[in-house]
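Letters A, B, ... are given to chains in the order of the sequence lines, protein chains preceding strands, and every chain is numbered from 1.
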There are 2 protein chains.
Amino acid sequence: MTQKKYHHGDLRAAALETGTELLKSRDADDLGLRELAREVGVSATALYRHFPDKDALLTALAYQAAEALGEFQKQAGLRAGGGNAGFAAMGIAYVDFAVENPALFRLMFRKAANIDVLSGDIESVGSAIRGLRETVAGLTPATLGDDKRKASALRAWSLVHGLACLILDGQIEYDRELIRSVVVSRSVLSS
Amino acid sequence: MTQKKYHHGDLRAAALETGTELLKSRDADDLGLRELAREVGVSATALYRHFPDKDALLTALAYQAAEALGEFQKQAGLRAGGGNAGFAAMGIAYVDFAVENPALFRLMFRKAANIDVLSGDIESVGSAIRGLRETVAGLTPATLGDDKRKASALRAWSLVHGLACLILDGQIEYDRELIRSVVVSRSVLSS
DNA sequence: CGATTAATGTTGACATTGTTATCATTATGC
DNA sequence: GCATAATGATAACAATGTCAACATTAATCG
């Protein structure tokens with residue numbers, strides 16, 4: 001019988017897990033340190049043995065969320081069979097993930113500056129948001145100049161990211177078909 | 001000589017003004033109620049005579065920010081002389097405003113759900129974010145079907161919004177030319 | 001006018017939060 | 001088996017949003 005022991009076994013893992021669980025079931029990304037500790041069944045200060053402060057805890061959660069988004073997107077792309085259809089599917093998956101996990105999505109980008117993906121150690125960060133970036137970069141026609149490719153990739157990312165943010169902030173309603181047409185459109189988007 | 005009087009004259013206005021001032025000079029939108037009161041030179045609870053709670057205060061600030069953004073955008077559009085060039089200018093202005101006022105921009109959209117612009121009383125809200133929406137809607141070719149116009153407008157808004165958010169969250173660096181090429185591009189943007 | 005009442009500010013208190021210092025318990029390595 | 005590191009708990013602190021009770025000024029009306 002697994003009684004309550006003084007040592008938890010693997011707090012940190014438990015904290016991250018129930019932290020993610022809590023964030024999944026709410027809209028705002030305002031997870032409290034004491035709240036989490038309470039939920040895990042441990043004293044608030046115990047968490048300080050595994051994270052230097054609240055910010056580090058949230059950053060760790062954000063990191064996990066980034067991995068989850070990457071995986072979710074990748075699966076969607078594969079399911080659609082790559083190519084243009086695959087890319088559209090990934091764009092839609094990006095928005096879908098945000099809609100289904102608003103708090104995680106928000107937290108992820110609020111702490112994204114801490115997880116420096118762009119600035120340097122891409123390798124050390126692992127596969128985090130890297131897949132996301134690679135995808136965005138890889139989908140642009142290789143025949144274009146480098147700066148145009150860059151702009152094109154950035155355009156695609158900005159589009160789905162803006163869409164996701166506007167939906168989460170209640171500025172536009174979630175409409176799967178509308179989103180699809182926005183993401184997929186190619187000839188309509190003059191200026 | 002205007003001595004310190006017991007009654008401030010027009011707190012609320014003063015609170016909103018120095019609140020905006022404070023937010024202008026910082027990156028995160030975490031303005032504290034007590035902090036603001038301290039800055040205005042008034043007791044914390046005095047603010048409760050003018051705002052039901054902190055959330056209402058922040059919402060009022062967000063509302064003001066929305067008006068400022070609208071005006072800023074409008075001016076940019078006029079300066080560029082309307083039309084396609086004007087629209088591009090407005091898109092760039094949207095991003096520029098965000099970059100120059102990160103906290104205000106963030107706050108504005110964090111509280112945007114409270115200021116329901118879309119859901120109902122557009123008229124009562126005044127010119128707030130309305131100009132923004134009208135612009136987005138107005139720039140699409142009138143020859144298109146209604147749903148395609150809608151998608152096109154949404155696409156434009158999402159693009160600049162995503163761009164702004166990604167820059168504020170440190171995911172992409174601010175590069176005026178890159179932004180320009182992203183906003184202005186029209187033929188390159190194949191899915 | 002002068003007095004009553006509403007408007008606006010202040011003080012003190014409370015619960016909650018992140019954080020630190022100190023102490024308690026368990027696991028680990030020689 | 002014991003010293004020591006790892007991990008946990010308690011108590012306390014400062015800061016925050018908020019409320020109740022009280023103070024002061026402005027407005028209203030006879």
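In this entry the distance linking CZ of A:Phe51 with P of D:dT7 reads 12 Å, nearest Å. Taking atom CG of B:Leu31 as the reference point, atom P of D:dG17 lies 8 Å away to the nearest angstrom. For A:Arg34 and D:dT10, the CZ to C1' distance is 11 Å, given to the nearest whole Å. We find that CD of B:Glu39 is positioned 15 Å from P of D:dA15, with the value rounded to whole Å. Rounded to an integer number of Å, the gap from B:Leu47 CG to C:dT8 P is 13 Å. A straight line from CG of B:Asp30 to P of D:dA15 spans 16 Å, rounded to a whole angstrom. One interatomic measurement links the two molecules: CG of A:Asp10 to C1' of D:dG8, which rounds to 14 Å at whole-angstrom precision. Atom P of nucleotide C:dT17 and atom CG of B:Leu33 are separated by 18 Å, given to the nearest angstrom.
Other residues, nucleotides and ligands contribute at most 12 non-hydrogen atoms within 6.0 Å of the CD atom of A:Glu17. By the neighbour-count criterion of 12 heavy atoms within 6.0 Å, atom CZ of B:Arg176 is sparsely surrounded, having that number or fewer from other residues, nucleotides or ligands.
In summary, B:Arg110 and B:Asp55 do not engage in a salt bridge, as defined by a charged side-chain N under 4.0 Å from a carboxylate O. Comment: A:Asp169 engages A:Arg106 in a salt bridge, judged by a side-chain N to carboxylate O separation of less than 4.0 angstrom.
A 4.5 Å side-chain heavy-atom check between B:Leu36 and B:Leu57 finds at least one atom pair inside the cut-off. A heavy-atom distance below 4.5 Å is found between the side chains of B:Ile172 and A:Trp157.
With D:dG8, C:dA13, C:dG18 as the candidates, the nucleotide lying closest to the side chain of A:Val42 is D:dG8. For A:Ala44, whose side chain is taken as the heavy atoms from C-beta onward, the closest listed nucleotide among D:dG8, C:dT19, C:dG9 is C:dT19. The A:Arg38 side chain lies nearest to C:dT17 when the options are D:dG17, C:dT11, C:dT17.
Contact of B:Thr45 with D:dT18 (side chain to base): no donor-acceptor pair of N or O atoms is detected under 3.5 Å.
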Do any N or O atoms of the protein come closer than 3.5 Å to N or O atoms of nucleotides 3-6 of chain D, and which pairs are they?
none

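Not one side-chain nitrogen or oxygen of B:Tyr48 sits closer than 4.0 Å to the OP1 or OP2 atom of D:dC19. Contact annotation: B:Arg49 side-chain N/O to D:dT24 OP1/OP2 distance is not under 4.0 Å. For B:His50, no side-chain nitrogen or oxygen approaches OP1 or OP2 of C:dA7 to under 4.0 Å.
Among the protein residues, B:Arg12 comes within range of no part of the nucleic acid, since none of its heavy atoms lies under 4.0 Å from any strand. Residue contacts for B:Ala46: at a heavy-atom cut-off of 4.0 Å it reaches a base atom on one of the strands shown.
Between the side chain of A:Asn101 and the backbone N or O of A:Leu104 there is no donor-acceptor pair closer than 3.5 Å.
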